[in-house]
Colleague: 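Provided herewith is a single structure, encoded as structure tokens, for subsequent inquiry.
Since this is a predicted model, take the numbers as computed values, not measurements.
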Amino acid sequence: MKHLIDIKDLSVKEIDELIEIAKDIIKYPEKYSDKCKGKILATLFFEPSTRTRLSFESAMLRLGGNVLGFSEANSSSAAKGESVSDTVRVVGGYCDIITMRHPKEGAPVVASSKTIVPIINAGDGGHNHPTQTLTDLLTIKCEKGRLDNLTIGVCGDLKFGRTVHSLITAMIRYKNVKFILISPKELEIPEYLKKEVLDKNNIEYIETQNIDEYMDKLDILYMTRVQKERFFNEADYIRLKDLYILDEEKLVNAKKDLCIMHPLPRVNEISVKVDEDERACYFKQAEYGKYIRMALILKLLDIK
Ligand code: CP
């Protein structure tokens, strides 16, 4: 693997290896503190981010390396009209590895053809977010002890939520994984995912608009934010944004070992009172993101 653009770039074996490295980093952080000495990570973020950008930066610093980059398009020469291709070609000369977020779907693929250093997709439009998926897989493995035999409820904006698209694509490769897809009609998962990913691989799934209906069956509940920035019409966003709010009442029938996840940022879709519930895993999930990104940097730089 040279770049990570799509979660499908990784085989199940490679994902399992990354998870094992991340678990080892959690256990023995000192073993890794110098592994990237002299290496530089560039973070090119053309869209806002807290977790992805800062966890990448923290990951590289924890590995003993250095970081440079920008956190918004306006503070780079993109504001003067420079193309993504030219930006990465130049930045590739300043660093050893690049992680990039861009509002245009496919921008990281273009970038990967223009530079000699590895490119990591840190989110491209409403398309993919493979390092969030690696984060999610590490979270599930650590919190549930397995990646198979799971019923996963995915709730909210399944149309524009790129984390959902990457998660479903990754999880279908594990045995006996079922999905309960909870969303309003307007925010259902895209047809290509239903046809090319779920149907084609004979994956069991149910679509519902009711968050309560299957709550007692879920091993994982993956909540998502309605993606305001992807709507063309603000009135539609306002109508849909508060349809699902997970609170203590909704969890009454849920399993005792349910794992509640959310890629964050959260707006209203999980009540802050749920944060105190021991089934709430979303802040731990954000922390797991740092460890799996450390493992990914090591893998892409071929550092043992
Ligand atoms: N989960 C996630 O991608 O968060 P940020 O947008 O803060 O990076």
Side-chain angles (χ1 to χ4, degrees), residues 6-8 105 123 125-130 132-133 135-137 139-140 143-144 146-228 230-231 236-237 239-247 250-251 253-255 257-264 266-270 274 279-282 285:
D6 187 305
I7 195 69
K8 294 198 294 291
E105 300 183 1
H127 193 215
N128 277 313
H129 194 348
Q132 179 63 50
T133 303
T135 300
D136 299 341
L137 297 184
T139 306
I140 295 170
E143 297 299 317
K144 301 295 296 179
R146 64 185 192 277
L147 289 166
D148 51 10
N149 297 310
L150 293 165
T151 299
I152 304 176
V154 191
C155 178
D157 185 348
L158 313 190
K159 180 180 179 182
F160 295 117
R162 58 193 172 198
T163 63
V164 171
H165 306 163
S166 293
L167 180 67
I168 291 174
T169 306
M171 289 304 301
I172 61 150
R173 296 193 284 181
Y174 295 90
K175 276 192 202 129
N176 193 27
V177 170
K178 298 174 196 150
F179 294 97
I180 310 293
L181 304 174
I182 309 153
S183 74
K185 276 265 165 235
E186 295 96 320
L187 297 179
E188 280 179 2
I189 61 161
E191 275 307 304
Y192 84 88
L193 266 172
K194 277 190 219 172
K195 289 206 169 85
E196 296 301 316
V197 179
L198 293 170
D199 293 341
K200 206 171 183 172
N201 293 287
N202 295 317
I203 306 299
E204 212 178 299
Y205 69 96
I206 294 169
E207 292 186 280
T208 175
Q209 297 183 33
N210 184 349
I211 189 171
D212 300 315
E213 200 176 355
Y214 296 96
M215 187 61 87
D216 59 337
K217 306 279 185 298
L218 304 181
D219 299 302
I220 291 166
L221 175 57
Y222 194 96
M223 295 296 294
T224 64
R225 170 180 70 92
V226 175
Q227 305 272 307
K228 184 179 181 187
R230 315 265 177 241
F231 276 76
D236 284 344
Y237 168 71
R239 183 168 53 82
L240 296 169
K241 73 184 173 72
D242 289 330
L243 273 186
Y244 302 108
I245 298 178
L246 184 70
D247 56 19
K250 289 205 161 20
L251 288 166
N253 292 325
K255 288 185 181 175
D257 63 348
L258 173 71
C259 177
I260 305 167
M261 298 174 66
H262 190 310
L264 304 179
R266 152 178 68 182
V267 185
N268 278 334
E269 56 282 354
I270 302 180
V274 175
R279 294 168 290 187
C281 293
Y282 31 93
Q285 184 183 352

Colleague: Determine, stepwise, if the pair Leu158 / Leu187 fulfils side chain to side chain contact (heavy atoms under 4.5 Å, CB included).
Modeller: CA-CA 6 Å; Leu158 313 190; Leu187 297 179; 5.8 Å; no
Colleague: Run through Thr139, Leu150, Leu258 and flag the one making a side-chain contact (heavy atoms from CB on, under 4.5 Å) with Lys144.
Modeller: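 Of the listed residues Thr139, Leu150, Leu258, the side-chain contact (heavy atoms from CB on, under 4.5 Å) partner of Lys144 is Leu150.
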Colleague: Whether Asp6 and Lys8 form a salt bridge (side-chain N of Lys/Arg under 4.0 Å from carboxylate O of Asp/Glu) is what I want to check.
Modeller: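 A salt bridge links Lys8 with Asp6.
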Colleague: How many angstroms lie between atom CZ of Arg279 and atom SG of Cys259, to the nearest 0.5 angstrom?
Modeller: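 It is 11.0 Å, given to the nearest 0.5 Å.
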Colleague: Distance from Leu198 atom CG to Tyr205 atom OH, nearest 0.5 Å?
Modeller: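 If we round to the nearest 0.5 Å, Leu198:CG and Tyr205:OH are 5.5 Å apart.
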Colleague: Does the distance from a Lys or Arg side-chain N to an Asp or Glu carboxylate O, for Lys194 and Glu207, drop under 4.0 Å?
Modeller: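 Here Lys194 pairs with Glu207 in a salt bridge, since their nearest N and O are under 4.0 Å apart.
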Colleague: If we ignore hydrogens and angles and just use 3.5 Å, is the side chain of Tyr282 paired with the main-chain N or O of Met223 as donor and acceptor?
Modeller: no
Colleague: Please determine, by modelled atom types, if Asn176 and Asn149 share a side-chain donor-acceptor pair under 3.5 angstrom.
Modeller: yes
Colleague: When rounded to the nearest 0.5 angstrom, what distance separates NE2 in His262 from OH in Tyr222?
Modeller: 8.5 Å
Colleague: Are Lys241 and Asp157 ion-paired here, with the side-chain N under 4.0 Å from a carboxylate O?
Modeller: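 Here Lys241 does not pair with Asp157 in a salt bridge, since their nearest N and O are not under 4.0 Å apart.
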Colleague: For the pair Glu188 and Lys185, find out whether any cationic side-chain nitrogen is under 4.0 Å from an anionic carboxylate oxygen.
Modeller: yes
Colleague: Backbone N or O of His129 within a donor-acceptor pair of the Ser166 side chain at under 3.5 Å?
Modeller: yes
Colleague: How about NZ on Lys178, more than 12 heavy atoms from neighbouring residues, nucleotides or ligands closer than 6.0 Å, or not?
Modeller: no
Colleague: Would you say Leu221 and Cys155 make side-chain contact, with heavy atoms under 4.5 Å?
Modeller: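 Side-chain contact under 4.5 Å: yes.
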Colleague: Could you give me the CA-CA distance, side-chain angles and deciding distance for Leu218 and Ile152, then say whether side chain to side chain contact (heavy atoms under 4.5 Å, CB included) is met?
Modeller: CA-CA 6 Å; Leu218 304 181; Ile152 304 176; over 6 Å; no
Colleague: Using 0.5 Å steps for rounding, measure from the CD1 atom of Ile7 to the NE2 atom of His165.
Modeller: 14.5 Å
Colleague: Okay, side chain of Arg162, backbone of Gly125: is any donor-acceptor separation there less than 3.5 Å?
Modeller: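 Yes, because the side chain of Arg162 sits within donor-acceptor range (under 3.5 Å) of the backbone of Gly125.
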Colleague: Does Asn128 reach the main-chain N or O of Pro130 with its side chain, forming a donor-acceptor pair under 3.5 Å?
Modeller: no
Colleague: With a 6.0 Å cut-off (strictly less than), is the heavy-atom count around CG of Asp199, excluding the residue itself, greater than 12?
Modeller: yes
Colleague: Just one of Leu167, Asn201, Leu193, Asn202 clears the side-chain contact (heavy atoms from CB on, under 4.5 Å) bar with Ile172, so which one?
Modeller: Asn201
Colleague: Would you check if the side chain of Asp216 reaches a backbone N or O of Ala254 as a donor-acceptor pair within less than 3.5 Å?
Modeller: no
Colleague: How long is the span from the CD1 atom in Ile140 to the CG atom in Asp219, to the nearest 0.5 Å?
Modeller: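 So the CD1 of Ile140 and the CG of Asp219 are separated by 10.0 Å.
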Colleague: Do we see a donor-acceptor contact under 3.5 Å between the side chains of Gln132 and Thr163?
Modeller: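 No, Thr163 and Gln132 have no side-chain donor paired with an acceptor closer than 3.5 Å.
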Colleague: Measuring from Ile260:CD1 to Gln285:CD, what's the distance to the nearest 0.5 Å?
Modeller: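 One gets 11.5 Å once the value is rounded to the nearest 0.5 Å.
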